[in-house]
Student: 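Dropping the structure in here first, questions after.
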Amino acid sequence: VLTDDIYYRLVYGDAAFESVAAVAPELDGRWVMINGVSKTYAMTGWRVGWLVSTPAVTKAAANLQSHLTSNVNNVSQRAALAGLTGPQDRVEAMREAFDWRRRMMVKTLDGLANVECPEPLGAFYAFPDLSWYAFKVGGDIALTNLLLDRAGVAVVPGEAFGAPGCARLSYALGDAQLEEGLERMAKALGELAG
Ligand SMILES: Cc1ncc(COP(=O)(O)O)c(C=O)c1O
């Protein structure tokens with residue numbers, strides 16, 4: 001079992017992260033857990049991640065990786081170490097900031113006519129169902145293009161996730177920007193509704 005635990009520190013409400021090794025001891029080491037610094041320490045772009053598995057798997061992965069990417073540069077390694085071993089209070093502060101943005105975004109989207117937005121329990125994305133609007137303009141790719149052109153808001157079409165009619169919105173940006181983006185999006189959708 002391969003798990004991508006990159007958002008393990010970004011969970012909300014009653015949700016709790018559990019690693020596959022802890023919840024399924026019967027798997028007896030037949031797991032590969034992937035993690036990294038990108039989300040927890042807002043270090044996207046530093047390109048530092050790792051996997052945890054049995055010695056045989058980690059050795060094979062290291063052999064493969066050494067021929068694919070050579071290594072992780074020293075600066076990134078030092079920066080990742082500073083994140084992992086330094087004070088962790090900023091991680092919780094960021095989680096709380098994301099939690100506020102999450103609730104604000106979901107409330108705003110869910111309050112729009114013909115939109116339903118389930119509450120995400122982890123990561124930093126909302127995934128509203130915009131199919132009423134997508135249907136009007138000929139699909140969710142057309143709708144995301146329209147939002148980009150008319151509102152200047154970039155969202156990822158749900159089709160990319162096997163959920164046509166939906167869209168993925170990131171709330172990993174400043175509160176003011178987020179509020180403005182949502183306002184513009186609401187206006188553009190409102191115009192579509194007529
Ligand atoms: C689910 C998931 N896993 C892993 C990553 C890895 O990020 P990076 O390539 O920056 O380490 C990302 C980042 O977008 C992600 O969303």
Side-chain angles (χ1 to χ4, degrees), residues 1-13 15-24 27 30-53 57-58 60-86 88 90-106 109 117-130 140-141 144 147-148 153-164 166-175 177-178 181:
V1 176
L2 179 95
T3 62
D4 179 347
D5 301 337
I6 198 97
Y7 291 106
Y8 81 121
R9 300 288 290 271
L10 292 175
V11 290
Y12 313 102
F17 167 78
E18 300 284 1
S19 77
V20 64
V23 295
L27 285 176
R30 280 173 292 140
W31 35 253
V32 177
M33 294 181 283
I34 295 174
N35 215 319
V37 293
S38 287
K39 315 296 170 183
T40 307
Y41 303 107
M43 288 174 64
T44 307
W46 290 78
R47 317 247 56 85
V48 181
W50 54 85
L51 64 81
V52 179
S53 189
V57 171
T58 49
N63 284 347
L64 178 68
Q65 194 225 11
S66 69
H67 291 285
L68 289 176
T69 63
S70 304
N71 56 57
V72 178
N73 72 74
N74 292 358
V75 179
S76 287
Q77 289 189 46
R78 287 278 170 191
L81 211 53
L84 289 164
T85 57
Q88 300 294 301
R90 295 300 303 159
V91 175
E92 178 54 18
M94 274 317 298
R95 194 199 64 83
E96 282 169 14
F98 282 136
D99 193 15
W100 184 86
R101 292 169 195 166
R102 171 184 77 109
R103 283 181 280 121
M104 189 275 283
M105 182 179 255
V106 168
L109 292 169
C117 187
E119 199 176 294
L121 296 179
F124 41 62
Y125 310 99
F127 203 70
D129 183 348
L130 304 174
D140 58 13
I141 295 186
T144 53
L147 289 173
L148 194 58
V153 171
V155 306
V156 183
E159 256 182 53
F161 306 97
C166 298
R168 191 183 81 165
L169 281 74
S170 166
Y171 48 87
L173 69 169
D175 297 354
Q177 264 182 314
L178 207 57

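Residue numbers start at 1 and run along the sequence shown. Here the structure is a predicted model, which is why all the values come from computation and not from measurement. Whatever order the structure lists them in is the order used to number ligands and atoms, beginning at 1.
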Student: Below 3.5 Å, N or O to N or O, backbone or side chain included: is there any such pair between T44 and ligand 1?
Tutor: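 Min N/O separation from ligand 1 is not below 3.5 Å for T44.
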Student: Indicate yes or no: at least one non-hydrogen side-chain atom of Q77 is less than 4.5 angstrom from one of W46.
Tutor: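 Contact flag for Q77/W46 side chains = no.
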Student: With heavy atoms only and a cut-off of under 4.0 Å, state how W46 meets ligand 1: side chain, backbone, both or neither.
Tutor: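 None of W46 does.
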Student: In the protein, which heavy atom is nearest to atom 16 (O) of ligand 1, and how far is it?
Tutor: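 That would be Y7 OH, 3.0 Å.
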Student: Hey, does F124 have a side-chain heavy atom less than 4.5 Å from the side chain of R101?
Tutor: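 With C-beta onward as the side chain, the pair stays apart.
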Student: Within a strict 4.5 Å, meaning less than it, do heavy atoms of the T58 and L51 side chains meet?
Tutor: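 Result yes, sub-4.5 Å side-chain heavy-atom pair found.
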Student: Which option wins on minimum heavy-atom distance to atom 13 (C) of ligand 1: K39, M43, R47?
Tutor: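 Of the listed residues, K39 has the closest heavy atom.
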Student: What are the two closest non-hydrogen atoms of S170 and A172, and how far apart are they?
Tutor: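 Reported closest heavy-atom pair: OG-N, 3.1 Å.
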Student: Considering only the protein, which heavy-atom contact is closest to atom 10 (O) of ligand 1, and what is its distance?
Tutor: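 Scanning the protein heavy atoms, the shortest distance from atom 10 (O) of ligand 1 goes to S38 OG, 2.6 Å.
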Student: Among all the protein's non-hydrogen atoms, which is closest to atom 6 (C) of ligand 1, and how far away is it?
Tutor: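 Of every protein heavy atom, I6 CD1, 4.1 Å lies nearest to atom 6 (C) of ligand 1.
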Student: For atom 4 (C) of ligand 1, what is the closest protein heavy atom, and at what distance to 0.1 Å?
Tutor: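 Answer, as residue, atom name and distance: D4 OD2, 3.4 Å.
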Student: Shortest non-hydrogen contact from A80 to V37?
Tutor: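 Closest approach of A80 to V37, heavy atoms only: CB-CG1, 3.9 Å.
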Student: Taking only residues two or more places apart in sequence or in another chain, which ones pass salt bridge (Lys or Arg N to Asp or Glu O under 4.0 Å) with R103?
Tutor: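 Scan of R103 (salt bridge (Lys or Arg N to Asp or Glu O under 4.0 Å), adjacent residues dropped) gives D99.
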